[in-house]
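Notes follow the structure.
Residue numbers begin at 1 in each chain, while the letters A, B, ... track the order of the sequences.
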Amino acid sequence: MKEVSLLFKDLLTEAVTGFAKEGGLLPGDVPEVQLERPRHEGQGDWASNIAMLMAKRLGLRPRDVAAEIVSRIGTDPHLEKIEVAGPGFINFFVTNLWVRDVLEAAVKGRENYGRSEQGKGKKVQVEFVSANPTGPLHVGHGRGAAVGDMTASLLEYAGWQVEREYYINDAGLQMNLLGQSTQARYFEILGCPEKAPFPENGYKGDYIYELAREVLERDGKVYLDVPLEESFPVFQEHAATTILEGIREDLSRFGVHFDVWFSEKSLYEKGLVDSALSFLKERGHAYEKDGALWFRTTAFGDDKDRVLVRSNGVTTYFASDVAYHKDKFDRGFDLVIDVWGADHHGYVPRMKAAVEALGKDRDALQILLIQFVNLLRGGQQVSMSTRSGEFVTLKEVLDEVGVDAARFFFAMRRCDSHLDFDLELAKKASTDNPVFYVQYAHARIQSIMREAASRKMEIPDPSSVDVDLLLEPEEKALAKRIARFPEEVEKAASELAAHRIAFFAYDLAADFHAFYNAHRVLGVEEPLSKARLCLVEATRVALTNALAILRVEAPERM
RNA sequence: GCGCCUGUAGCUCAACCGGAUAGAGCAACGGACUUCUAAUCCGUAGGUUGGAGGUUCAAGUCCUCUCAGGCGCGCCA
């Protein structure tokens, strides 16, 4: 349907420029012609507010301007009628010809229907989850995983070349704490906790005992007689790799796969942190004060400068992040998207500053802040903290509510909205969860297809069907919805709003269910049956593609 | 104290770059299976978009103030 809107836009632009010239407006004074989708039935298929924008400059009433413009609009086979409505909108109504356009585009486009070339030739990296390998993933990580993954596949669909990346914070204090915690539990199990006291702020979860037990089973009691510093790396290494392995498994089960697992440690090993620091120093963005190295982020809009190297010589987390982002851009990405928990929002200005200091446009880095998931169980708040060991893991949630339900649940919200996730409710809702509503529509379609096949009916070529038979309101509504899919993909991609696709899938399913209940596809006169079968196939294509973006399964039967 | 996010129907959430009559689901009530899957559909009811000003032909959307909730303000990560 993109073509039709462009067609109308051209017709309208021509009329507007003609009228503007007569009215004595200079070309620079003519506002840009825009078409939008009206919200309500009866307001046409496309509408423009151009008359209201021009009215003031011309000193005329909006409706009069609209009437003048309309009188100058040419004819086209796709154009049924034009109306002036409300305060001065110009509404365009399409003829039934567009139905054939939609069917052709969807049925012939198949898995490519809805794809766009918006991001053609451009590379984007989406970095998400990136949880410290110090404990299992919890629900909050699950939301980040779902949003990041869906955003990535949405951009793929919009023509971008996409890479998914996980940044492993395997350097620094938290990893030490993890190793020490595991070590302490080892000695505790062996009955001599005094040999390695549990660190303050250590990780208290039960999984730490499990890790310690694994070391004990594998290596026995050998570390009893070894200095703590010597055995420490063994515990840290075992804990980190085991936990990371678990994270990979959880994500894989959740349907999330990364192209690159990027290690923070490797930044140091390759000297990338040092070279990033020299880069900043050479350009005068860094300076020494009180024995520390500072980054002048205030020059790029931050409220205070930030330390890169502490006076004790240790680099900050921020320093490795600057180096990491420099490396991202050095890898040639046109756009870099970071998916962060909203608790890191205070970090955004300095990261944007860093990007600018690196010589990039600050918009080349987009940060999606995922608001917290408020976990409830039967209305009762569940406190979550990795360190205290009190949390519900992503794995447990998947066990309870299932992968598709969890993904769709996260997909149905804007990422900057706070989210209540009630486990009891999610379990209870698993039968009337929106995801099953959508999947059920697909299963029904497939059921029609199976029945059609058993009756030796093939899906007709759209050019061979009589689209004028599709006149029922449910049929038109369904066709219109299908037609909007490509627009929705483009809109969602440019806004980085994957939730729009979930809502589209839901609305499409609703239109299909309404159609299904009102009309029969098989067992009516053949020409009508063929036309409807074609419409159903087009629905299947759009629904399948939308679910593919969300990575939610489209089942054959339920 | 300063900053970011949020506030929409009883509950959970939508609403494209400011557009016309603010939409769904759940919960409530009343209907629809002899026919391609009733995990569905149709209908009824439900709103001063937290509040007050302002900008605009037009405000849930933009600006100012204010109230409430969440989060953040380190030479921590």
Which nucleotide in B:C41, B:G19, B:A77 has an atom nearest any side-chain atom of A:Y347: B:A77

Syn/anti label of B:C71 as read from its glycosidic torsion, with the cut at 90° from 0: anti

Phosphate-side-chain proximity, A:Y516 and B:U35, N/O vs OP1/OP2 below 4.0 Å: no

A:F436 side-chain proximity, nearest of B:A39, B:C75, B:A24: B:A39

A:Y516/A:E474 under side-chain hydrogen bond (donor to acceptor under 3.5 Å, both in side chains): CA gap, chis, key distance, verdict: CA-CA 9 Å; A:Y516 183 93; A:E474 293 85 1; over 6 Å; no

Separation of B:C75 C1' from A:E288 CD (nearest whole Å): 13 Å

In B:C33, glycosidic geometry as syn within 90° of 0 or anti otherwise: syn

Basic-acidic side-chain contact under 4.0 Å: A:E165, A:K328: no

First encountered from the 5' end of RNA chain B, between A:F409 and A:A518: A:F409

Can you check nucleotides 68-71 of chain B for protein contacts, nitrogen or oxygen pairs under 3.5 Å, and list what you find?
residue: B:G69; atom: N2; partner: A:H418; partner atom: NE2; Å: 3.2

Out of B:C41, B:U21, B:U56, whichever nucleotide has its closest atom nearest the side chain of A:K56: B:U56

Lys/Arg cation over aromatic A:W294: A:R306, 6.0 Å, 45° cone: no

A:R310 side-chain N/O to B:C76 phosphate OP1/OP2 under 4.0 Å: yes

Between C1' of B:G72 and CG of A:D303, the distance in whole Å: 11 Å

Residues in salt bridge (charged side-chain N to carboxylate O under 4.0 Å, His left out) contact with A:R413, at least two apart in sequence or another chain: none

Residue list, salt bridge (charged side-chain N to carboxylate O under 4.0 Å, His left out) with A:E472, at least two apart or on another chain: none

Partners passing salt bridge (charged side-chain N to carboxylate O under 4.0 Å, His left out) against A:D303 (at least two apart in sequence or in another chain): none

Side chain of A:Y440 - closest among B:A38, B:U21, B:C36: B:A38

Scan nucleotides 15-17 of chain B against the protein and return all N/O pairs shorter than 3.5 Å with their distances rounded to 0.1 Å.
residue: B:A15; atom: OP1; partner: A:H499; partner atom: NE2; Å: 2.9
residue: B:C16; atom: O4'; partner: A:R500; partner atom: NH2; Å: 2.5
residue: B:C16; atom: O2; partner: A:K491; partner atom: NZ; Å: 2.3
residue: B:C16; atom: N4; partner: A:R37; partner atom: O; Å: 3.3

Sugar-phosphate, base or nothing in reach of A:M558, heavy atoms under 4.0 Å: base

Rounded interatomic separation in angstrom, taking CG from A:D507 and P from B:C13: 18 Å

Sugar-phosphate only, base, or nothing, as touched by A:D416 at under 4.0 Å among non-hydrogen atoms: sugar-phosphate

Touch class at under 4.0 angstrom, heavy-atom based, for A:L419 against every strand present: sugar-phosphate

Integer-rounded Å distance: B:G72 P and A:K304 NZ: 16 Å

Residue A:H513, side-chain atoms from C-beta onward, closest of B:C41, B:C57, B:C75: B:C41

Any residue meeting side-chain contact (heavy atoms from CB on, under 4.5 Å) with A:S320, in chain and number order, not counting sequence neighbours: A:Y167, A:E264, A:L267, A:Y268, A:V273

Please list every donor-acceptor pair under 3.5 Å in which a side-chain atom of residues 402-411 of chain A meets a protein atom from a residue at least two apart or in another chain.
residue: A:D404; atom: OD2; partner: A:Q439; partner atom: NE2; Å: 2.9
residue: A:R407; atom: NE; partner: A:L550; partner atom: O; Å: 3.1
residue: A:R407; atom: NH1; partner: A:F254; partner atom: O; Å: 2.6
residue: A:R407; atom: NH2; partner: A:D149; partner atom: OD2; Å: 2.7
residue: A:R407; atom: NH2; partner: A:L550; partner atom: O; Å: 3.3

Length of the line joining A:D302:CG and B:G72:P, which is rounded to integer Å: 18 Å

List the atom pairs, with distances to 0.1 Å, where a side-chain N or O of residues 343-350 of chain A and a protein N or O form a donor-acceptor pair under 3.5 Å, not counting sequence neighbours.
residue: A:H345; atom: ND1; partner: A:A342; partner atom: O; Å: 2.9

Report, one line per pair, each donor and acceptor closer than 3.5 Å where one atom sits in a side chain of residues 526-542 of chain A; sequence neighbours left out.
residue: A:S529; atom: OG; partner: A:V521; partner atom: O; Å: 2.8
residue: A:R532; atom: NE; partner: A:E475; partner atom: OE2; Å: 2.6
residue: A:R532; atom: NH1; partner: A:R520; partner atom: O; Å: 2.8
residue: A:R532; atom: NH2; partner: A:E475; partner atom: OE2; Å: 3.1
residue: A:E537; atom: OE1; partner: A:R540; partner atom: NE; Å: 3.0
residue: A:E537; atom: OE2; partner: A:R540; partner atom: NH2; Å: 3.0
residue: A:T539; atom: OG1; partner: A:L535; partner atom: O; Å: 2.8

Sugar-phosphate, base or nothing in reach of A:A514, heavy atoms under 4.0 Å: sugar-phosphate

Duplex segments of RNA chain B, taken as runs of at least three Watson-Crick or G-U pairs that stay under 3.5 Å: B:1-7 with B:67-73, B:10-13 with B:23-26, B:28-32 with B:40-44, B:50-54 with B:62-66

Short side-chain N/O contact from A:S417 to OP1 or OP2 of B:A14, under 4.0 Å: yes

Heavy-atom neighbours of A:R61 CZ exceed 12 at 6.0 Å: no

Ignoring hydrogens and angles, write down the donor-acceptor pairs under 3.5 Å from the side chains of residues 81-94 of chain A, residues two or more places apart or on other chains.
residue: A:K81; atom: NZ; partner: A:E83; partner atom: OE2; Å: 3.2
residue: A:N91; atom: ND2; partner: A:Q43; partner atom: O; Å: 3.3

hbond_proxy A:N91 side chain to B:A20 base (donor-acceptor, 3.5 Å cutoff): yes

Proximal nucleotide (of B:A77, B:G23, B:U40) relative to the A:T316 side chain: B:A77

Sugar-phosphate, base or nothing in reach of A:F503, heavy atoms under 4.0 Å: sugar-phosphate

Residues that A:D511 engages under salt bridge (charged side-chain N to carboxylate O under 4.0 Å, His left out), provided they are two or more places apart: A:R481

Sugar-phosphate, base or nothing in reach of A:A85, heavy atoms under 4.0 Å: base

Sugar-phosphate only, base, or nothing, as touched by A:A47 at under 4.0 Å among non-hydrogen atoms: base

